[in-house]
Amino acid sequence: MGKDRNSYSKTDLEATFMWMKENHMLNGQLKPAYNVQIAVENYFIAHSYVSSDRTDYNTLIPGLEKHQGAFGDILEAVTADGGHCSEKNPDRNKVMKINERWEELKEESHANIQSETGILKRQARSIQTEGHFGDIKENEDFRRFNYRSAEKVYKEFMLYAISQSIMKYHRFVHQEIEKYEGKKEQKAE
């Protein structure tokens, strides 16, 4: 099945079977799927990365590399979900070992997220990134891609993200116009 894969779909060889929380029968099932990651800046989806990896811990670095390839700049800071903070366990002999580097990174991460800046970044990430997924899945009921292959799924998702960004921008401009007109009316009185 290839490197780091233990399943694939006959209808989409790039997809991996993932547990779907809900389906039309409401019983949860394994279905071919992709793991979609998004990069958000000021409430707009700036980029996305589509992976056949079931977990997030292998998607952060490729997603950042794709973002850098598209935009050519190195990001000042990255705030990511806790699922990205893990290491693979290559030890197949089931031997318990203490990973001292992991413990150091865990302490550093904990200090970062408990700092004043870390708290603000966690709040912004919670609102901006998770808010997009909430809108996409719940408000827009977008839960299934219409195309097969990672490239087509990426294009479909980015078209959807662009449309969401245009709607957000329109709402923002409309709100600013209303504020401006409200201030003009107050001055006229």
Side-chain angles (χ1 to χ4, degrees), residues 3-5 12 14-16 18-21 32-88 102 105-106 108-176:
K3 184 181 176 194
D4 297 328
R5 299 269 312 263
D12 185 351
E14 295 178 40
T16 297
M18 297 184 198
W19 185 260
M20 297 296 143
K21 294 175 186 166
Y34 289 94
N35 187 341
V36 177
Q37 305 290 311
I38 59 174
V40 178
E41 181 67 32
N42 293 323
Y43 297 94
F44 294 99
I45 297 175
H47 211 266
S48 74
Y49 174 69
V50 173
S51 170
S52 59
D53 200 312
R54 276 183 273 163
T55 62
D56 287 345
Y57 62 75
N58 288 327
T59 61
L60 182 61
I61 291 173
L64 292 173
E65 288 171 347
K66 186 171 184 183
H67 185 277
Q68 185 178 358
F71 296 104
D73 60 347
I74 295 175
L75 302 169
E76 290 179 22
V78 174
T79 305
D81 184 283
H84 293 94
C85 184
S86 186
E87 289 187 346
K88 278 188 170 184
W102 172 248
L105 291 172
K106 194 164 69 172
E108 183 181 339
S109 175
H110 185 71
N112 285 339
I113 64 174
Q114 294 302 324
S115 70
E116 188 175 326
T117 302
I119 291 169
L120 293 173
K121 286 185 176 188
R122 279 189 295 141
Q123 289 173 343
R125 187 202 155 279
S126 172
I127 294 165
Q128 293 185 35
T129 307
E130 295 304 327
H132 275 292
F133 284 118
D135 281 344
I136 291 166
K137 291 178 179 179
E138 297 302 323
N139 298 339
E140 301 295 329
D141 200 29
F142 185 84
R143 295 176 175 271
R144 186 177 186 93
F145 290 104
N146 295 304
Y147 296 95
R148 294 185 176 108
S149 86
E151 181 182 350
K152 289 178 182 177
V153 165
Y154 169 76
K155 288 176 181 178
E156 180 180 1
F157 183 78
M158 284 309 294
L159 285 171
Y160 184 80
I162 290 166
S163 71
Q164 292 299 308
S165 293
I166 290 169
M167 288 191 312
K168 267 188 197 293
Y169 182 73
H170 174 72
R171 283 193 302 266
F172 173 76
V173 169
H174 187 68
Q175 289 170 351
E176 291 300 309

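Being a predicted model, the structure only gives us computed values, none of them experimental.
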**OP:** Considering non-hydrogen atoms only, spot the tightest contact between Ala39 and His67 and give its length.
**Re:** CB-CD2, 4.1 Å

Original post:
Is the number of heavy atoms from other residues, nucleotides or ligands within 6.0 Å of CG (Leu120) greater than 12?
Top reply: yes

**OP:** Kindly assign one of parallel, tilted or perpendicular to the pair His47 and Tyr154, based on the angle between their ring planes and the thresholds 30° and 60°.
**Re:** tilted

Original post:
Within the distance-only criterion (no hydrogens, no angle test), does the side chain of Glu41 pair as donor or acceptor with the backbone N or O of Ala46 below 3.5 angstrom?
Top reply: no

**OP:** Kindly write out the residues that satisfy ring-ring contact (aromatic ring centres under 6.0 Å, His included) with Phe145, not counting sequence neighbours, or none if the list is empty.
**Re:** Phe142

Original post:
Can you list the steps and then say if Phe157 with Ile38 is a side-chain contact (heavy atoms from CB on, under 4.5 Å)?
Top reply: CA-CA 10 Å; Phe157 183 78; Ile38 59 174; 3.5 Å; yes

**OP:** Output, in order, the C-alpha distance, side-chain angles, deciding distance and verdict of salt bridge (charged side-chain N to carboxylate O under 4.0 Å, His left out) for Glu156 and Lys152.
**Re:** CA-CA 6 Å; Glu156 180 180 1; Lys152 289 178 182 177; over 6 Å; no

**OP:** Could you tell me whether the side chain of Thr16 and the main chain of Ser52 form a donor-acceptor pair under 3.5 Å?
**Re:** yes

Could you pull out every donor-acceptor pair under 3.5 Å between side chains of residues 165-176 and any protein atom, sequence neighbours left out?
unit_1: Ser165; atom_1: OG; unit_2: Ala161; atom_2: O; d: 3.1
unit_1: His174; atom_1: NE2; unit_2: Glu178; atom_2: OE2; d: 2.9
unit_1: Glu176; atom_1: OE2; unit_2: Lys179; atom_2: NZ; d: 3.4

Original post:
In terms of heavy-atom contacts, does CD of Glu151 have more than 12 from other residues, nucleotides or ligands at under 6.0 Å?
Top reply: no

**OP:** Give the minimum heavy-atom separation between Ile119 and Gln114, together with the two atoms involved.
**Re:** CD1-O, 3.6 Å

**OP:** Just do the side-chain contact (heavy atoms from CB on, under 4.5 Å) check on Phe44 and Gln164 with the steps written out, would you?
**Re:** CA-CA 8 Å; Phe44 294 99; Gln164 292 299 308; over 6 Å; no

**OP:** Compare all side-chain heavy atoms of Asn35 with those of Tyr49 and state whether any distance is below 4.5 angstrom.
**Re:** no

Original post:
Does the side chain of Ser48 reach to within under 4.5 Å of the side chain of Met158, using non-hydrogen atoms?
Top reply: yes

Original post:
What is the minimum heavy-atom distance between Pro32 and Ala15, and which atoms define it?
Top reply: CB-CB, 3.9 Å

